Amino acid sequence: MKLQNLTTVDLISTDLTFSTKDEVIRYLVNQLSEAGKLHSEEDFYQAVIERETLSPTGFEGGLAIPHGKSSAVKEASFAVATLRKPLEDWESIDEENKVELVMLLAIPENEAGSTHLSLLSELMTRLADPKYKSRLVQASSSEALYAALDQEQEAEQQTDNQPTKTILAVTACPAGIAHTYMAAEALVRAGNDLGVNVLVEKQGANGIEDKISKKQATKADAIIFAADVSVKDKERFAQLPSITTSVAAPLKNAEGLLQQALEKAKNGPVKENRDEEEEEEAEEESYKKPFKMEIKDSIMTGISYIIPIIVAGGMTLAFAVLVSQAFGLQEVYETEGSWLWLLRQLGGNMLGTLMVPILSAYMAYSIADKPALGPGFAAGISANLIGSGFLGGMLGGFLAGYIIKYLKQNVQTSGTFSGFVSFWLYPVLGTLSVGSIMLFVVGEPLAAINNGLIGWLEGLSGGNAILLGAIIGAMVSFDLGGPVNKAAYTFCIGAMASGNIMPYAAFASVKMVSAFAVTGATIIAKHYFTKPEQEVGKQTWLLGLAGITEGAIPFMINDPLRVIPSLVAGSAVTGGIVAYFGIGLAVPGAGIFSLALVEGPSLIVAAGVWLGAALLGAFISMVLLIVSRKNKLKKQQDSVKEQEKKQMEAAIN
């Protein structure tokens, strides 16, 4: 961007004296008005003052960039003033900042998301260089300062010695724009001055840029985390000595931070030596992910983010239902505006309104990082609008993720401006694209498929219902919380969201089977199990009451060929029984807490069948666990006896 195109010599003033911030702003607003850049001087002044109340426009090192976005501005421009006596009362990010260079940006309201962001970005990037800023401050005339705005920076002298140390850095600020990039550039410049190789990963509005590879992390000496938000994938650098600071710290003392990092590197652990082939494999792994794995990771990410929503919303709704039933408050429960009605709406909206958009958004996020969140949410909202339920939400998540991934690969800019492009272009274009596809292209077919699935589920009875319930039950206990379990969970939640509550009732009942079976087996036939297994078994039933299957994982790991079939068999029986009797559960949850919420011919019958099915399935799995363990031990004993017999025969001969 050529800054001279947005200002003139008449809008630049040097070596002025003012007493207050307001005097400076009024002066620069007047300059813009006299230059014909404003429709109304007073309206624009008010816009600038309103912006001043939101957050500081003073930065560090004597810099302030006030700005206003208003319909009173005819065309984007900026005015500049250098001050003979620095102002100490300008609210700044750095409390010690004494302002001596002020640049007032005037942006038309309809360019707030484009020109404003790109201009601010360009200024912040250039002014992060002390040499550039010094040239502006020291300009002796308006003409000299105007000429210095786009003057190429002097080429830095190259040192004869190649850098012998490598320091990594991650920069991130809440907005993901100015400070993220300014801090990165400050560290790189300081590294050049010190003869240190500095590699910076920027976690900004465009997601992760200049991602540090495993190869680079392996060769580095230390890392600096300059961030005001959580650093993504921080565990990648666990082996490196580290310094954690704010994103503004490198702007004040980048050289000092690098010195600290070098000092820590001296006392840090010795770096592992890895051959070139290992490093190349790590490099490739860092950047490439197979398509199938990307799809699976996307689904698992989306599910992991909706689980807290489902639990919180489901339990809130369950609380409202239980209170209304326990205390005879059904009328309060149904009365609009009552406290129970509000709780019911809170839980219901978390499940009915938030669930699908969050699933879509974080599936998209897994594929294309932060810029995909907006389009992902749009895809989920579109899925709700067209009535396509979870199927539409998942398809929308994929679409949003890959649309943004395509844009990031094919619509790129360089430098700081890339953060602004992703801040505006990617989300807006992605939202319009995925929203249009979901609403006008795939909407009716998806809704038809979803309605067809609902109709099929509602029409299931007899053998078909038993088969569906058995499949759900087998999937739940096949890997105890793994991908297969999660696939069953997704199907059941999707069916519930579409109005069919039988699959989730089967799912919730089966969630108790594995834990109860393990506890029963280790108590009734404890002589077949080791002491550690017995101790685990004593506690597993408690997890089962809460619908947590993971307690049985130690048994599965130790003997998967026997344990998995044993648990799957009992779980399939449980799922089949619940489905056959048409038991339903309209509130997400699992374990004994759902007992009073199941639906059927009557609450007592439904609860009895639902819990009885879980206990019967647990009994079947328990018997199979005991029998299979007994046979295993018998085979081991027979094998030992056979070996002893052979040894005795060999000794006699």
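Note that the coordinates shown come from a computational prediction; the quantities given were computed from them, not determined experimentally. Values below: every heavy atom of this structure, side chains too, minus hydrogens, waters and symmetry copies.
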How long is the gap from [atom1] on [X] to [atom2] on [Y], to the nearest 0.5 Å?
X      : Y      : atom1 : atom2 : value
Asp221 : Ile223 : CG    : CD1   : 12.0 Å
Phe225 : Thr245 : CZ    : OG1   : 12.5 Å
Phe377 : Thr431 : CZ    : OG1   : 11.0 Å
Gln345 : Thr353 : CD    : OG1   : 9.0 Å
Ile404 : Leu425 : CD1   : CG    : 8.5 Å
Tyr406 : Tyr426 : OH    : OH    : 11.5 Å

Using side-chain heavy atoms (C-beta onward) and a distance below 4.5 Å, is [X] in contact with [Y]?
X      : Y      : value
Val198 : Val200 : yes
Leu258 : Ile224 : yes
Leu399 : Ile437 : yes

I'd like to know if the side chain of [X] and the backbone of [Y] have a donor-acceptor N/O pair within less than 3.5 Å.
X      : Y      : answer
Asp369 : Pro371 : no
Lys408 : Ala368 : yes
Asn500 : Ala495 : no
Ser382 : Ala378 : yes
Glu201 : Val170 : no
Thr574 : Val510 : no

Give me the ring orientation class for Phe507 and Tyr504: parallel if the planes are under 30° apart, tilted from 30 to 60°, perpendicular past 60°.
tilted
Which atom pair, heavy atoms only, marks the closest approach of Ile306 to Leu359?
CG2-N, 3.5 Å
Cationic tip of Lys370 above Tyr365 ring, under 6.0 Å, 45° of axis:
no
Please determine, by modelled atom types, if Ser477 and Ser571 share a side-chain donor-acceptor pair under 3.5 angstrom.
yes
Answer yes when Glu185 and Lys202 have at least one side-chain N-carboxylate O distance shorter than 4.0 Å, and no when they do not.
no
